[in-house]
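Small disclaimer: the values here were computed from a predicted structure and weren't measured. The first residue of the sequence shown is numbered 1, and numbering continues consecutively from there.
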Amino acid sequence: MSVVPPEAPAPAPPGRPGRALDVALRVAGGGVAVVGAVATALLELILSTVRVSGTLVGVSVPLVVVANVALSWFAHEAVGTRWAVVLPATPWFVLMGAAAVRTSEGDLLLAGDNWVGLTMIVAGAMTFAVMGFRQVLAPPPVRRDG
């Protein structure tokens with residue numbers, strides 16, 4: 001007779017429903033990162049023309065850095081891959097590129113003489129580059145199964 005209680009059976013490894021839910025959540029997280037990038041890019045474009053007493057104030061420059069760091073971090077955590085920074089970076093770059101091209105009607109969102117717009121593009125690109133570089137160089141996460 002043993003005084004040690006019998007061990008409970010080990011839990012079964014997650015089955016198909018757990019794997020499908022994980023993939024669905026990762027896809028949804030990637031979608032949220034893309035939508036967030038579009039929303040913040042539009043907000044940054046709107047704020048790039050804010051003036052106080054006729055002078056550009058550059059309120060969108062710190063916003064672009066904070067938003068891009070947050071989006072990059074969220075995409076990496078939600079999707080769980082090192083390349084996830086591409087999800088928010090791609091629509092952000094597309095919108096910034098589209099804003100810098102004159103339409104057939106002559107409209108232009110980011111002009112070459114707008115220091116805030118140019119600084120915003122450089123700061124946003126550098127932020128995504130640094131975050132992507134950090135994620136690529138980070139050691140692989142330690143998996144804890146069970």
Side-chain angles (χ1 to χ4, degrees), residues 5-52 55-146:
E7 291 185 24
R16 252 351 226 167
R19 176 74 177 145
L21 179 63
D22 182 54
V23 170
L25 287 174
R26 288 175 189 262
V27 169
V32 169
V34 169
V35 170
V38 169
T40 59
L42 292 174
L43 179 64
E44 293 155 4
L45 286 170
I46 291 169
L47 294 177
S48 69
T49 59
V50 172
R51 296 178 183 267
V52 173
T55 305
L56 287 170
V57 292
V59 70
S60 64
V61 175
L63 175 65
V64 75
V65 173
V66 171
N68 289 358
V69 166
L71 287 167
S72 298
W73 172 83
F74 176 78
H76 179 68
E77 291 295 318
V79 176
T81 61
R82 293 178 182 219
W83 59 266
V85 71
V86 172
L87 292 173
T90 301
W92 188 88
F93 280 114
V94 167
L95 281 173
M96 292 301 148
V101 175
R102 191 173 301 276
T103 65
S104 60
E105 292 84 18
D107 298 332
L108 184 63
L109 293 175
L110 288 178
D113 61 350
N114 182 347
W115 70 268
V116 176
L118 297 175
T119 306
M120 183 178 68
I121 290 173
V122 170
M126 291 299 296
T127 303
F128 278 127
V130 167
M131 291 301 290
F133 188 70
R134 288 190 58 180
Q135 290 171 4
V136 166
L137 289 182
V142 177
R143 294 190 59 150
R144 294 184 183 98
D145 294 331

* Asked: Which class fits the ring pair Trp92 and Phe128: parallel under 30°, tilted 30 to 60°, perpendicular over 60°?
  -> perpendicular
* Straight-line distance of Thr103 OG1 to Leu108 CG, nearest 0.5 Å -> 8.0 Å
* **Separation of Met126 CE from Thr119 OG1 (nearest 0.5 Å)** => 13.0 Å
If you look at every heavy atom in [X] and [Y], which pair is closest and at what distance?
{"X": "Val85", "Y": "Met131", "result": "CG2-CB, 4.4 Å"}
{"X": "Ala84", "Y": "Val79", "result": "CB-CB, 3.9 Å"}
{"X": "Val38", "Y": "Pro91", "result": "CG2-CB, 3.8 Å"}
{"X": "Pro88", "Y": "Ala33", "result": "CB-O, 3.9 Å"}
{"X": "Leu56", "Y": "Ser48", "result": "CD2-O, 3.7 Å"}
{"X": "Leu87", "Y": "Gly30", "result": "CD1-CA, 3.8 Å"}

* Asked: Stepwise, does the side chain to side chain contact (heavy atoms under 4.5 Å, CB included) test hold for Val50 with Leu47?
  -> CA-CA 5 Å; Val50 172; Leu47 294 177; 3.8 Å; yes
Side chain of [X], backbone of [Y]: donor and acceptor closer than 3.5 Å?
{"X": "Glu77", "Y": "Ser72", "value": "no"}
{"X": "Thr40", "Y": "Ala37", "value": "yes"}
{"X": "His76", "Y": "Thr81", "value": "yes"}
{"X": "Arg51", "Y": "Thr55", "value": "no"}

Using side-chain heavy atoms (C-beta onward) and a distance below 4.5 Å, is [X] in contact with [Y]?
{"X": "Val122", "Y": "Leu118", "value": "no"}
{"X": "Val64", "Y": "Thr127", "value": "no"}
{"X": "Ser60", "Y": "Val116", "value": "yes"}
{"X": "Val65", "Y": "Met120", "value": "no"}

